[in-house]
> 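Got a structure here, written out as structure tokens. Questions coming.
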2 protein chains.
Amino acid sequence: MVHATTMKEIARQLGVTVSTVSRALQNHPSIGLRTRERVHELAKQLDYVPNPTAINLKRRRTYNIGVVLPALTEQFFSMAISAIEDVAIGKGYSVVVMQSRNDYERERLAISNLVKHGIDGIIVSLASETQNNSHFLEVNKHGIPIVFFDRVAKNMPNSCVYVDLTAGAIEAVEYLVARGLTKIALLNGPGTLQATDERLKGYVTVLNKHGIAISRPYVRSVNLTKEDTAKKMNELLDLDEPPQAILAFNDYVALDAMQVCRQRGLVINQDIHFVSFSNLPFCSYLEQPPIASIEQFPYEMGTKAIQLLLPAIEDPQHYTPEKVIIPYQLIVRE
Amino acid sequence: MVHATTMKEIARQLGVTVSTVSRALQNHPSIGLRTRERVHELAKQLDYVPNPTAINLKRRRTYNIGVVLPALTEQFFSMAISAIEDVAIGKGYSVVVMQSRNDYERERLAISNLVKHGIDGIIVSLASETQNNSHFLEVNKHGIPIVFFDRVAKNMPNSCVYVDLTAGAIEAVEYLVARGLTKIALLNGPGTLQATDERLKGYVTVLNKHGIAISRPYVRSVNLTKEDTAKKMNELLDLDEPPQAILAFNDYVALDAMQVCRQRGLVINQDIHFVSFSNLPFCSYLEQPPIASIEQFPYEMGTKAIQLLLPAIEDPQHYTPEKVIIPYQLIVRE
DNA sequence: ATTTGGTACACAACCGATTGCGTACCGGTA
DNA sequence: TACCGGTACGCAATCGGTTGTGTACCAAAT
């Protein structure tokens, strides 16, 4: 059974032409009832499955959507992709995944592979090291729609979905200040990400508002690896005046940093307090989770991303890009 | 730029035929140097990208591999898919993901969608509710290779990759007994999974060996939802003689069960001990993780799965299915 | 001048479908 | 009998490539 049955085979066995078979299978009215039935019957009997590649060639579509993100193993992204898949499947699309591993070159390659492979549209969350949009401009030139989500590219005309992290950071820091914690450090992400700028902006805003001096050594950026986070956290704890609280770039950074604290004998939520972004489900299993988290609703973001992408694919003429901001929510744990 | 440039367009502008353009782009020796250069030049100038669908049609391949698994958000699976993607990308394949959500119907649908969509091969980890292989037999009939991994189907001729969980369970239970814990309960998975049988078998083997009577109420199966796990764990704790230790189906079951224990005031690793399967990375963040875990190496399993699949795709004639058993490892935490 | 051989390309079939248009054949009407 | 309209298909182009085979044209050899 190495060759699948084709319409040609059905046509041959029935003594009709391929076009008749095609129309019969589509129940086209110009095909006689008798012929239509014979075609359907033989098709079923031969386990006929239409060749999607041939159909795609005519339709000039692949019904594949590429998704490029830093890492599938980060729950934030797997939730987003899960959402994308849920919507896509319902609309007849499949989802092709590629990981950038936060590496610029891998991201370029992933994008290029997707284009070469044939996809109708792309959803991207930037690699932390990406500082150049040329590969995306290339995709735009080919008329393939892109939607950025969460880690969006700066200065690109495409649609994007993200959370207002500045506002989130503001509420988070306000919360810490309100609890009397004023020595607040920021374990921020890579400088290349817009998300990093936004967290910093919120952090600075609140401290300024409350007249709290901003200590340079309190603001550090990590490259999102466990090692770098540990290094930066240790540096913070080695300061003459170590912080009472940490605003972490995301849950992974918070957890890695918390581990350092525990190793140094500090008690979480007592000696030192954490607030982080994402609020991933596994945080609920921790005995001492961050006292507050900013929920970013990855599922909703993924859903919105593909809802923006599909019209761009299906009706490019009437499509205008949109910047969608998903509301965050500060989750406070007792 | 709604229509991508085709070879036809290049041919027209250069006054040659499409076949010449095709061969020129492939640097076929029968094309003159001058012509070849002109073709390459114009192709670059027009941003020519070959239409993958057309090529796939001739090659009778899609270079897409379908992966169907219960949930992307489970780290075990996202690690496996990550591995699959790493290998696939290197061989020129893309990975299409579908989630079954442990639902039989969704699994059927996912498989059917993949076949309709056109993929060269499928990698599957069974939905917990799947008890029927007809959809896989259908795929076999079409000559599309399948590789099962981790949650493998019973009585199927296809290749599969899994961990010898019986041996793992034996070592795990031996470890508990050696620590003097003899009142051991088993929070097992759904009866439809072979993995469930295997864990049970290992559990029974060790208890029999040590002459420990097997208490029926100590063996319970959960459907892998948080609610069901909580219910079953509560039932265990409500027994006249509650267990001292729990062998959990996987980390998620263990964590959900541990949460119940904590809510009831029990101290983990003191009042009650857990051993579970998977050893997911996030366990390292827990203050009180299971005292031991059986590492199942999802990355290695994913890698092996696609290494089994690719030869089946590329050389179906000389392919014979294989059952590969990945060695587990019991990770003991101090 | 004719044959020979190689170069450099054209022609056309093919992959598996879809679809616009043409037409044979039918019975019914003038 | 000749004309007409509808039914039920066939023919062929098309999507965008790949590839086997045919051939015009050239220079070199005879």
Side-chain angles (χ1 to χ4, degrees), chain A residues 2-40 42-43 46-64 92 115-120 142-144, chain B residues 1-40 42-43 46-64 115-120 142-144:
Chain A
V2 65
H3 278 271
T5 51
T6 65
M7 297 182 79
K8 188 189 291 181
E9 177 61 19
I10 296 178
R12 193 186 60 76
Q13 293 195 24
L14 255 40
V16 296
T17 60
V18 173
S19 56
T20 299
V21 175
S22 174
R23 281 189 254 255
L25 289 173
Q26 303 176 56
N27 294 318
H28 192 286
S30 82
I31 301 299
L33 182 59
R34 181 80 195 103
T35 306
R36 191 189 312 176
E37 280 173 352
R38 288 172 63 214
V39 169
H40 273 106
L42 187 56
L46 296 180
D47 286 312
Y48 170 73
V49 176
N51 181 320
T53 307
I55 296 175
N56 290 344
L57 181 59
K58 287 255 13 154
R59 297 225 187 296
R60 298 160 161 280
R61 288 266 189 85
T62 64
Y63 294 93
N64 272 136
V115 172
K116 279 194 216 130
H117 214 89
I119 33 78
D120 294 341
H142 289 302
I144 298 173
Chain B
M1 192 113 346
V2 64
H3 277 272
T5 50
T6 67
M7 298 182 76
K8 187 188 290 181
E9 177 60 19
I10 297 178
R12 194 186 58 76
Q13 293 196 25
L14 256 41
V16 297
T17 61
V18 173
S19 56
T20 300
V21 175
S22 173
R23 279 189 253 256
L25 289 173
Q26 304 176 55
N27 293 319
H28 192 286
S30 83
I31 300 299
L33 182 59
R34 182 80 195 101
T35 307
R36 191 188 313 176
E37 281 173 351
R38 289 173 62 215
V39 169
H40 273 106
L42 186 57
L46 297 180
D47 286 312
Y48 169 73
V49 176
N51 182 319
T53 307
I55 297 176
N56 290 344
L57 181 59
K58 285 271 342 170
R59 297 224 186 297
R60 299 160 160 279
R61 290 264 190 84
T62 64
Y63 294 92
N64 273 137
V115 172
K116 277 193 218 131
H117 213 90
I119 33 78
D120 294 342
H142 288 302
I144 298 173

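Every chain is numbered from 1 and lettered A, B, ... according to where its sequence line falls, protein lines coming before strand lines. Keep in mind that the numbers below use all heavy atoms, side chains included, and drop hydrogens, waters and symmetry copies.
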> Yes or no on side chain to side chain contact (heavy atoms under 4.5 Å, CB included) for B:Arg36 and B:Leu25, after CA distance, side-chain angles and deciding distance?
CA-CA 7 Å; B:Arg36 191 188 313 176; B:Leu25 289 173; over 6 Å; no
> What I want to check is whether an N or O donor and acceptor connect the side chain of B:Ser19 with the base of C:dC9 at under 3.5 Å.
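When only heavy-atom distances are counted, B:Ser19 does not reach the base of C:dC9 through any donor-acceptor pair under 3.5 Å.
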> Identify, residue by residue, the members of residues 20-40 of chain B with a heavy atom below 4.0 Å from DNA chain D, and return them in order of residue number, or none.
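Residues of residues 20-40 of chain B that come under 4.0 Å of DNA chain D are, in numerical order, B:Ser22, B:Arg23, B:Gln26.
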> Would you please say whether a donor-acceptor pair under 3.5 Å links the side chains of A:Asp120 and A:Thr62?
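Short answer, yes.
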> What's the closest nucleotide to the side chain of B:Thr17 if the choices are D:dT19, D:dG16, C:dA10?
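Nearest listed nucleotide: C:dA10.
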> So A:Gly118, base contact, sugar-phosphate only, or nothing? Heavy-atom distance under 4.0 Å.
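Nothing, no heavy atom under 4.0 Å.
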> So what does A:Pro52 touch, heavy atoms closer than 4.0 Å: a base, only the sugar-phosphate, or nothing?
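No contact.
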> Tell me the interatomic distance from B:Asn51, atom CG, to C:dC15, atom P, rounded to whole angstroms.
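Nearest whole value for this atom pair: 18 Å.
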> In whole angstroms, how far is the P atom of D:dG17 from the CZ atom of B:Arg12?
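Distance check: B:Arg12 CZ to D:dG17 P gives 15 Å.
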> Closest approach to the side chain of B:Val18, judged atom by atom: which nucleotide of D:dG16, D:dT18, D:dC11 is it?
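From the listed options, D:dT18 comes nearest.
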> Counting only side-chain N and O atoms of B:Lys8, is one of them less than 4.0 Å from OP1 or OP2 of D:dC15?
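Looking at the OP1 and OP2 atoms of D:dC15, one of them is under 4.0 Å from a side-chain N or O of B:Lys8.
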> Rounded at 0.5 Å granularity, tell me how far NE2 in A:His117 sits from CD1 in B:Ile55.
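So the NE2 of A:His117 and the CD1 of B:Ile55 are separated by 11.0 Å.
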> Within the modelled atom types, does a donor on one side and an acceptor on the other bring the side chain of A:Thr6 and the base of C:dC15 under 3.5 Å apart?
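Between C:dC15 and A:Thr6, which were checked side chain against base, a qualifying N/O pair under 3.5 Å is absent.
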> When the distance from NZ of A:Lys58 to P of D:dC15 is rounded to whole Å, what number comes out?
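The distance from NZ of A:Lys58 to P of D:dC15 comes to 7 Å, rounded to the nearest Å.
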> Whole Å only: how far is the CZ atom of B:Arg59 from the P atom of D:dG16?
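One finds 18 Å between P of D:dG16 and CZ of B:Arg59, rounded.
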> If you check every side-chain atom of A:Ala54, which of D:dG10, C:dA17, D:dG16 has the closest atom?
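The nucleotide sitting nearest to the side chain is C:dA17.
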> Rounded to whole angstroms, how far apart are CZ on A:Arg60 and P on C:dT18?
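My rounded result for the distance is 16 Å.
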> In whole angstrom, give the distance that lies between atom CD1 of A:Ile55 and atom P of C:dC15.
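Rounded to the whole Å, the gap is 17 Å.
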> Counting the atoms with a prime plus P, OP1 and OP2 as sugar-phosphate, which does B:Leu57 contact under 4.0 Å by heavy atoms, base, sugar-phosphate, or nothing?
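Base: the residue B:Leu57, judged by heavy atoms under 4.0 Å, touches a nucleobase.
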> How long is the straight-line distance from OG1 of B:Thr5 back to CD of B:Gln13, given to the nearest 0.5 Å?
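Going from the CD atom of B:Gln13 to the OG1 atom of B:Thr5 covers 9.0 Å.
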> Looking only at side chains, do A:Thr17 and A:Thr20 share a donor and an acceptor under 3.5 Å apart?
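Distance-only check passes for A:Thr17 and A:Thr20.
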> Using atom CZ of A:Arg61 as one end and atom C1' of D:dG16 as the other, report the distance to the nearest whole Å.
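In whole Å, D:dG16 C1' and A:Arg61 CZ are 17 Å from each other.
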> Output the distance between atom OH (B:Tyr48) and atom CE (B:Met7), rounded to the nearest 0.5 Å.
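One gets 4.5 Å once the value is rounded to the nearest 0.5 Å.
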> Starting at CG of A:Asn51, measure out to CG of B:Asn56 and round the result to the nearest 0.5 Å.
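Answer rounded to 0.5 Å: 10.0 Å.
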> Take the protein atom CD of A:Glu9 and the nucleotide atom P of C:dC14, then report the distance between them rounded to whole Å.
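Between P of C:dC14 and CD of A:Glu9: 15 Å.
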